[in-house]
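Model, not experiment: these values are computed from the prediction.
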Amino acid sequence: MINIFIGCDTHVLTDTTTDEKQLLLLEYNWLKAEFSLDTTYLSSIMDTTFTDISEEGIHNKNQSLKSMYSSISQRLNDSVVIDSFNFENAVVNMYENTAVVIFTVHTYGKNKKVVTGRKTRFYDVWIKRKKEWKVVSSQRTMIK
């Protein structure tokens with residue numbers, strides 16, 4: 001059994017393997033690091049071949065890190081603050097040393113003191129090398 005703290009809530013994962021739990025924790029830590037501009041951590045979980053696909057286009061690892069940092073910095077400058085987030089509908093599909101993690105993130109925050117929220121779908125591909133999971137690809141889609 002594992003506890004994941006998301007916002008103020010605690011979620012308990014029971015029917016998952018150790019690798020599935022680890023991947024869900026990596027996804028959670030990724031989002032937490034992204035929102036706190038911790039590009040050092042983000043870089044450590046990304047494979048050197050990482051590719052990101054989003055509305056802005058296709059980015060390699062360095063371009064993606066730069067884009068994440070720029071995007072979050074701009075939000076903070078614009079007084080847009082993310083207070084918390086929840087994973088919804090998470091699915092982990094395991095394929096030997098590869099995994100596909102699909103989930104929705106519901107973020108909550110304030111835009112110039114006005115309460116806001118948004119949902120984003122993610123599709124991430126992870127590979128296990130030398131007993132360590134690295135993300136090789138990520139695709140995100142905003143839900144309107």
Side-chain angles (χ1 to χ4, degrees), residues 2-11 13 16-144:
I2 191 166
N3 293 327
I4 295 183
F5 299 95
I6 302 173
C8 297
D9 299 327
T10 303
H11 298 271
L13 305 173
T16 57
T17 68
T18 301
D19 280 331
E20 289 170 331
K21 291 174 188 176
Q22 185 178 9
L23 287 161
L24 290 172
L25 281 171
L26 284 165
E27 293 284 5
Y28 169 78
N29 289 336
W30 177 348
L31 290 167
K32 188 175 170 186
E34 186 174 342
F35 296 145
S36 65
L37 297 174
D38 185 355
T39 54
T40 301
Y41 175 78
L42 295 169
S43 180
S44 77
I45 64 170
M46 292 175 169
D47 191 74
T48 56
T49 64
F50 178 80
T51 302
D52 178 41
I53 302 169
S54 67
E55 297 86 1
E56 294 86 34
I58 300 171
H59 298 108
N60 64 28
K61 179 178 177 176
N62 290 335
Q63 293 167 326
S64 184
L65 288 167
K66 189 183 243 185
S67 177
M68 284 181 207
Y69 190 90
S70 176
S71 176
I72 297 292
S73 292
Q74 187 60 50
R75 281 190 209 147
L76 293 173
N77 288 339
D78 292 341
S79 298
V80 178
V81 178
I82 296 170
D83 297 323
S84 60
F85 57 91
N86 288 322
F87 280 118
E88 299 172 359
N89 307 314
V91 175
V92 179
N93 293 310
M94 303 294 300
Y95 308 96
E96 295 180 22
N97 68 335
T98 305
V100 175
V101 183
I102 304 163
F103 58 96
T104 300
V105 172
H106 195 161
T107 57
Y108 305 92
K110 293 182 183 85
N111 185 347
K112 297 180 179 135
K113 299 184 181 182
V114 175
V115 175
T116 63
R118 74 177 193 187
K119 287 188 176 187
T120 309
R121 279 192 194 100
F122 288 87
Y123 180 95
D124 295 336
V125 180
W126 295 80
I127 190 163
K128 194 172 195 177
R129 292 191 182 130
K130 299 178 185 175
K131 299 183 181 182
E132 187 174 39
W133 287 105
K134 296 285 186 175
V135 63
V136 293
S137 180
S138 181
Q139 191 274 327
R140 69 182 178 276
T141 304
M142 299 298 296
I143 301 172
K144 296 187 186 221

| message | As a quick check of understanding, evaluate side-chain contact (heavy atoms from CB on, under 4.5 Å) for I143 and T104, giving each step before the final call. | response | CA-CA 9 Å; I143 301 172; T104 300; 3.9 Å; yes
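- Within the 4.5 Å cutoff, no side-chain heavy atoms of M46 are placed close to those of K134.
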| request: Kindly indicate, with the supporting measurements, whether the criterion side-chain contact (heavy atoms from CB on, under 4.5 Å) is fulfilled by T107 and T120. | output: CA-CA 8 Å; T107 57; T120 309; 5.9 Å; no
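- The aromatic rings of F103 and F122 sit parallel, their planes meeting at an angle under 30°, below the 60° perpendicular limit.
- Two residues are said to be in side-chain contact when any heavy atoms from C-beta on lie closer than 4.5 Å; K110 and I82 fail this criterion.
- In the model, T141 has a side-chain atom that pairs as donor or acceptor with a side-chain atom of Q139 under 3.5 Å.
- Crowding of Y123 atom OH: a count of heavy atoms from other residues, nucleotides or ligands under 6.0 Å not exceeding 12.
- Contact check for Q63 versus N60: side-chain heavy atoms found under the 4.5 Å cut-off.
- Side-chain polar atoms of W126 and Q22 form no donor-acceptor pair below 3.5 angstrom.
- You'll find the side chain of T98 stays beyond 4.5 Å of the side chain of K128, heavy atoms only.
- Residues V105 and L31 have side chains in contact (heavy-atom distance under 4.5 Å, counting atoms from C-beta outward).
- The heavy-atom pair separating D83 from G109 by the smallest distance is OD2-CA, 3.5 Å.
- Salt-bridge formation is not detected for the pair D47/K61: no Lys NZ or Arg NE/NH1/NH2 atom is positioned less than 4.0 Å from an Asp or Glu carboxylate oxygen.
- Residue E96 qualifies as open at atom CD: its count of foreign heavy atoms under 6.0 Å is 12 or below.
- S43 contributes no side-chain N or O that, together with a main-chain N or O of T40, makes up a donor-acceptor pair within less than 3.5 Å.
- Rounding to the nearest 0.5 angstrom, the gap separating the CD atom in E132 from the CG atom in L26 is 9.0 Å.
- For the pair R121 and M142, the minimum side-chain heavy-atom distance is 4.5 Å or more.
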| said: Could you go through H59 and K66, starting from their C-alpha distance and side-chain angles, then the distance that decides it, and tell me whether this counts as side-chain contact (heavy atoms from CB on, under 4.5 Å)? | reply: CA-CA 10 Å; H59 298 108; K66 189 183 243 185; over 6 Å; no
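- Put simply, the side chain of D52 reaches to within 4.5 Å of the side chain of R140, judged on heavy atoms.
- Other residues, nucleotides and ligands contribute over 12 non-hydrogen atoms within 6.0 Å of the OH atom of Y108.
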| said: side-chain contact (heavy atoms from CB on, under 4.5 Å), that's the test. Do V136 and T51 meet it? Break it down for me. | reply: CA-CA 6 Å; V136 293; T51 302; over 6 Å; no
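- One finds the NZ atom of K119 at 16.0 Å from the NZ atom of K144 (value rounded to the nearest 0.5 Å).
- Taking the side chain as every heavy atom from C-beta outward, I45 and W30 approach each other to under 4.5 Å.
- At least one donor-acceptor pair closer than 3.5 Å links the side chain of S44 to the backbone N or O of Y41.
- Once rounded to the nearest 0.5 Å, the distance linking CG of L37 with OG of S70 reads 10.0 Å.
- Atoms CE and CD, from M68 and E34 in turn, are 5.0 Å apart once rounded to the nearest 0.5 Å.
- Side-chain polar atoms of D124 and S138 form a donor-acceptor pair below 3.5 angstrom.
- Atoms CG and CE, on D19 and M94 in that order, are 4.0 Å from each other to the nearest 0.5 Å.
- Taken from CZ in F50 to CG in N62, the straight-line distance is 11.0 Å, to the nearest 0.5 Å.
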